[in-house]
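None of these values were measured; they are calculated from a predicted model. We count ligands from 1, going down the list as the structure has it; atoms in each ligand are counted the same way.
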Amino acid sequence: MLKVDHLNVYYGESHILHDVDLEVAPGQIVCLLGRNGVGKTTLLKGVVGILPARKGKIYFDNQEVTALPPYQRAKLGIGLVPQGREIFPFLTVHENLLVGLEARKDNLISVPNDIYELFPVLKSMLGRKGGDLSGGQQQQLAIGRALAMNPKLLVLDEPTEGIQPSIILEIENVIQRIKERGTIAILMVEQYLEFAWRVADYYYIMAKGSVVAKGPTQGTSIDSVKEHLTV
Ligand SMILES: Nc1ncnc2c1ncn2[C@@H]1O[C@H](COP(=O)(O)OP(=O)(O)O)[C@@H](O)[C@H]1O
Ligand SMILES: [Mg+2]
């Protein structure tokens, strides 16, 4: 459903991504690993259209999207949960979720109930300002907002970063439930390997802007992967 083909992305004159190939199948959960600064966020931004491709192509749902701006990719079904969450602090929880509806094709005007089923905590806080929530609640809100777009591919950038263990388990539980439904694929950058291994079907490891290893998580030991990640 997502195919990244020889993607090259630059910041100005700095060449950050070098011929990156990556695929995500429908319903598949793919984790993207690598040390800080190797280009994981840059790759996700290339996938969602925040950064342009200098060379290479991106296909989504059998359609080339390389030249499409982010809002058009969102309409096609690519939903992003950005690193650092980036919810709207001065909007309420409910208003933040409504923003997610904007990107839908079907003009739905109320937040689907299944989002509250996945995140009961959000339902109890609808009138609170986003900025007043805890870090873990903000992450749940950011995921809820992306799900409100009704995505076919959910792109998550370090969902457990800076979040306390009990909330990490809740987020893992939500990802497991999304996985069981089998209707949404996930591409996720994650530093917490045990978590990534429990949820992901497939992994990619990046170093210096290139993919250096990949494979199914099942049958691959976390220790063998760690070798690529330690300095
Ligand atoms: N806005 C920017 N302008 C210039 N260089 C950037 C910018 N953002 C990131 N970079 C550089 O691009 C490289 C990859 O960054 P990033 O994709 O954020 O890494 P990761 O997410 O793997 O930690 C790093 O060397 C970083 O310094
Ligand atoms: Mg990053």
Quick one: nearest non-hydrogen protein atom to [atom], plus distance?
atom                    : result
atom 13 (C) of ligand 1 : Gly37 O, 3.6 Å
atom 16 (P) of ligand 1 : Thr42 OG1, 3.6 Å
atom 9 (C) of ligand 1  : Tyr11 CE1, 3.4 Å

Reference residue Ile163; test side chain to side chain contact (heavy atoms under 4.5 Å, CB included); the match among Gln140, Glu170, Gln139
Gln139
Check if Ser14 has a non-hydrogen atom at a distance under 4.0 Å from any atom of ligand 1.
no
With the threshold set at under 4.0 angstrom, would you say Gly34 reaches ligand 1 through any of its heavy atoms?
no
Give yes if a backbone or side-chain nitrogen or oxygen of Gln83 is under 3.5 Å from a nitrogen or oxygen of ligand 1, and no if not.
no
Answer yes or no for atom 26 (C) of ligand 1: protein heavy atom present at a distance under 4.0 Å?
no
Anything under 30° is parallel, anything over 60° is perpendicular, the rest tilted; go ahead and classify Tyr192 against Phe195.
parallel
If you count the atoms of ligand 1 from 1 in the order shown, which ones are under 4.0 Å from a heavy atom of Thr41?
17 (O), 18 (O), 20 (P), 21 (O)
Does a side-chain N-to-carboxylate-O contact under 4.0 Å join Asp157 and Lys40?
no
Hey, are Lys179 and Asp201 close enough for a salt bridge, meaning a charged N less than 4.0 Å from a carboxylate O?
yes
May I ask you to check whether Phe88 and Phe90 place their ring centers less than 6.0 Å from one another?
no
Please determine whether side chain to side chain contact (heavy atoms under 4.5 Å, CB included) holds for the pair Leu122 and His94, giving the CA-CA distance in whole Å, both sets of side-chain angles, and the decisive distance to 0.1 Å.
CA-CA 8 Å; Leu122 297 182; His94 187 231; over 6 Å; no
Report the part of Ile16 (side chain from C-beta onward, or backbone N, CA, C, O) that has a heavy atom under 4.0 Å from ligand 1; answer both or neither where that applies.
side chain
Can you tell me if Asn36 has an N, O or S atom under 2.8 Å away from the Mg ion (ligand 2)?
no
Check whether any N, O or S atom of Thr41, backbone or side chain, sits closer than 2.8 Å to the Mg ion (ligand 2).
yes
Set out, in order, the CA-CA distance, both residues' side-chain angles and the distance that settles side chain to side chain contact (heavy atoms under 4.5 Å, CB included) for Glu117 and Asp114, then state yes or no.
CA-CA 5 Å; Glu117 281 164 18; Asp114 64 334; 4.1 Å; yes
Do Gln191 and Glu158 have a side chain donor and acceptor closer than 3.5 Å?
yes
